[in-house]
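Step one of this worksheet: look at the structure below.
A, B, ... follow the sequence lines: proteins, then strands. Residue 1 opens every chain.
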Number of protein chains: 2
Amino acid sequence: MSLNKSSQLNVQCQFCKSRADSHFADLPDEDLSILSAHKSCVTYKKGQNLFYEGTRPMGIFCINYGKVKVYKMGSNGKEQILFIAQPGDFLGYRSLLSEEFYGASAAVIEQAAICFIPKSDFLTILNKNPAFFSKLMKAVCHELGVMEDKLAQLAQKSVRERLAATILMLKETYGMEGEGSDLIDIALSREDLANIVGTATETVIRLLSEFKSDGLIGLEGKKIKVIDSQKLVHEADFYG
Amino acid sequence: MSLNKSSQLNVQCQFCKSRADSHFADLPDEDLSILSAHKSCVTYKKGQNLFYEGTRPMGIFCINYGKVKVYKMGSNGKEQILFIAQPGDFLGYRSLLSEEFYGASAAVIEQAAICFIPKSDFLTILNKNPAFFSKLMKAVCHELGVMEDKLAQLAQKSVRERLAATILMLKETYGMEGEGSDLIDIALSREDLANIVGTATETVIRLLSEFKSDGLIGLEGKKIKVIDSQKLVHEADFYG
DNA sequence: AGAAAAACATGATAAAAGTCATGTTTATCC
DNA sequence: GGATAAACATGACTTTTATCATGTTTTTCT
């Protein structure tokens with residue numbers, strides 16, 4: 001009886017586990033059913049793209065589970081990761097609201113289930129529900145502050161400092177894998193990590209090894225564990 | 001009869017010349033008079049600060065004339081300029097709406113007249129006028145896109161490319177001084193320019209000299225003129 | 001106007017980080 | 001399950017950019 005075609009699931013928004021962590025958290029059932037009406041929910045494998053920079057947004061993506069990197073491609077072929085979305089996060093609403101083409105691309109980095117809600121339904125809720133609109137405004141303003149911070153960090157800190165700060169951020173943002181594990185719950189390739197920090201892959205590899213042999217972190221494949229949080233904070237603040 | 005105390009002017013928003021370039025452009029008179037009711041308009045000299053990072057926003061600043069840099073201070077004492085506001089621009093509304101402390105500081109770089117509108121009046125208009133709210137939302141979303149772009153540029157381009165791109169941006173954004181002049185209408189110290197580009201002052205000085213002797217730009221004190229736009233674009237795109 | 005301070009400029013040097021080359025391990029795919 | 005590709009790792013070398021030192025020019029202030 002097991003169908004292999006598991007790519008369509010279509011969980012109703014009302015019953016979505018990730019909704020509690022999202023901007024949809026306290027939307028009334030009425031609004032939720034409008035959002036659910038024409039949505040499609042699809043599972044993506046690692047490496048698949050949700051959308052590409054320069055294309056027209058047609059709706060928003062809502063992550064049920066999994067992780068997605070949002071990145072910009074440089075003329076040199078290197079990508080800069082702007083942020084990594086996790087369950088409950090929305091993608092693409094920024095471009096939708098500014099009525100521009102996507103300014104970045106999005107690709108799955110850990111197997112994901114993602115709902116797509118068409119533009120019109122999303123805008124309907126936005127117009128219908130001023131509290132939701134305000135909430136979203138607040139979120140965008142916050143995001144802008146976060147982005148400004150990243151910009152300043154990138155300009156002012158060394159690669160070493162930024163890598164230390166990034167590891168601490170990852171721990172903060174993605175927490176630990178289940179019980180008893182102290183590994184940060186995200187599997188990033190060294191290349192992706194380099195593209196978050198804004199440096200070369202080799203440099204990240206070298207610094208990770210250093211941090212490891214200095215007893216700041218532990219490495220298990222792609223997963224990192226923070227051993228000496230104190231020292232890591234110190235590395236992130238000034239330069240060693 | 002001439003009072004030296006020219007620092008208070010209090011132009012009514014209705015009659016403000018810069019309003020046409022601002023988000024207040026098509027606000028009804030009714031709303032404008034609410035905004036004007038408790039505002040104060042002050043002239044600032046170069047170097048004065050409007051607000052500091054980490055303090056609580058009490059309202060918004062609206063630039064009548066002059067230029068203001070918005071910057072973040074790094075732990076190393078270096079500042080990173082996030083953007084330079086010009087007449088018609090608002091400052092501080094981002095933090096106001098996300099209900100956070102200021103994430104950056106603002107200082108006048110060219111003598112300015114700036115109105116301050118208290119938080120409550122601004123929020124009144126925001127609640128009263130959904131079209132204005134939407135317009136602002138759109139603007140913030142656009143700003144976020146711009147900031148993401150800056151981040152990627154900073155991460156992916158060389159200092160040389162970024163300086164070339166910055167000069168072109170300045171020309172685009174601030175235009176030329178009055179008639180017959182081809183100088184870009186902004187007087188930035190080499191240090192400020194370095195803090196926009198995200199590099200050391202000496203490096204900017206050296207690169208400007210190079211660009212000059214290569215016939216890409218002309219320099220007259222703090223002002224820059226673009227001589228060979230074509231080549232400058234080329235410098236900005238890849239690396240020479 | 002003249003002193004003091006700030007901004008500009010240039011050279012010499014050092015440090016940080018990128019690139020290239022090559023080998024090893026780990027994942028992925030018929 | 002074994003071939004193929006991708007990711008990881010490390011060394012050698014180069015380039016870029018920052019830092020330090022010092023001198024000159026321009027502003028600013030009284």
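Listed for the B/Glu148 side chain is no donor-acceptor partner under 3.5 Å among the backbone atoms of A/Leu82.
Nearest nucleotide to the A/Ala200 side chain, out of D/dA18, C/dT10, C/dG18: C/dG18.
As a whole-Å value, the separation of B/Lys45 NZ from D/dT27 P is 19 Å. Atoms NZ (B/Lys157) and C1' (C/dA17) sit 20 Å apart, rounded to a whole Å. B/Asn76 has its CG atom 8 Å from the P atom of D/dT19, to the nearest Å. Rounded to whole Å, the distance from CD on A/Gln111 to C1' on C/dA27 is 16 Å. What separates CD of B/Glu210 from C1' of C/dA9 is a distance of 14 Å, to the nearest Å. D/dA9 atom P lies 15 Å from atom CZ of A/Phe211, rounded to whole Å. In this structure, NZ of B/Lys46 is placed 13 Å from C1' of C/dA5, rounded to the nearest angstrom. The interatomic distance linking B/Gln156 (CD) with C/dA17 (P) rounds to 17 Å, in whole Å.
Within the 4.5 Å cutoff, the side chain of A/Val68 has heavy atoms near those of the A/Ile63 side chain. A heavy-atom distance below 4.5 Å is not found between the side chains of A/Tyr102 and A/Leu50. In this structure the side chain of A/Val140 reaches within 4.5 angstrom of the side chain of A/Tyr93, judged on heavy atoms.
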Can you list, pair by pair, the side-chain donor-acceptor contacts under 3.5 Å of residues 165-176 of chain A, counting residues two or more places apart and other chains?
{"from": "A/Thr166", "atom 1": "OG1", "to": "A/Arg162", "atom 2": "O", "distance (Å)": "2.7"}
{"from": "A/Thr173", "atom 1": "OG1", "to": "A/Met169", "atom 2": "O", "distance (Å)": "2.8"}
{"from": "A/Tyr174", "atom 1": "OH", "to": "A/Ile84", "atom 2": "O", "distance (Å)": "2.7"}

Nucleotide N/O to protein N/O under 3.5 Å, stretch nucleotides 20-26 of chain C:
{"from": "C/dC20", "atom 1": "N4", "to": "A/Glu202", "atom 2": "OE2", "distance (Å)": "3.2"}

Identify all pairs in which a protein N or O lies below 3.5 Å from an N or O of nucleotides 5-8 of chain D, and state each distance.
{"from": "D/dA7", "atom 1": "O3'", "to": "A/Lys222", "atom 2": "NZ", "distance (Å)": "3.0"}
{"from": "D/dC8", "atom 1": "OP1", "to": "A/Lys222", "atom 2": "NZ", "distance (Å)": "2.8"}
{"from": "D/dC8", "atom 1": "OP2", "to": "A/Arg190", "atom 2": "N", "distance (Å)": "2.9"}

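Ring-centre distance between A/Phe51 and A/Phe61: below the 6.0 Å cut-off.
Test A/Leu193, A/Thr199, A/Ile196 against A/Leu163 for side chain to side chain contact (heavy atoms under 4.5 Å, CB included) and you get one pass: A/Leu193. With A/Glu110 as reference, A/Lys67 is the one residue of A/Lys46, A/Lys67, A/Lys45 to meet the salt bridge (Lys or Arg N to Asp or Glu O under 4.0 Å) rule.
A sub-4.0 Å separation between OP1 or OP2 of D/dA18 and a side-chain N or O of B/Thr203 is present.
At a threshold of 4.0 angstrom between heavy atoms, the contacts of A/Lys78 are confined to the sugar-phosphate backbone, with no base atom among them.
At most 12 heavy atoms of other shown residues, nucleotides or ligands fall within 6.0 angstrom of atom NZ in B/Lys231.
Between A/Arg162 and B/Leu219, the residue anchored closer to the 5' end of DNA chain C is B/Leu219, taking for each the nucleotide with the nearest heavy atom.
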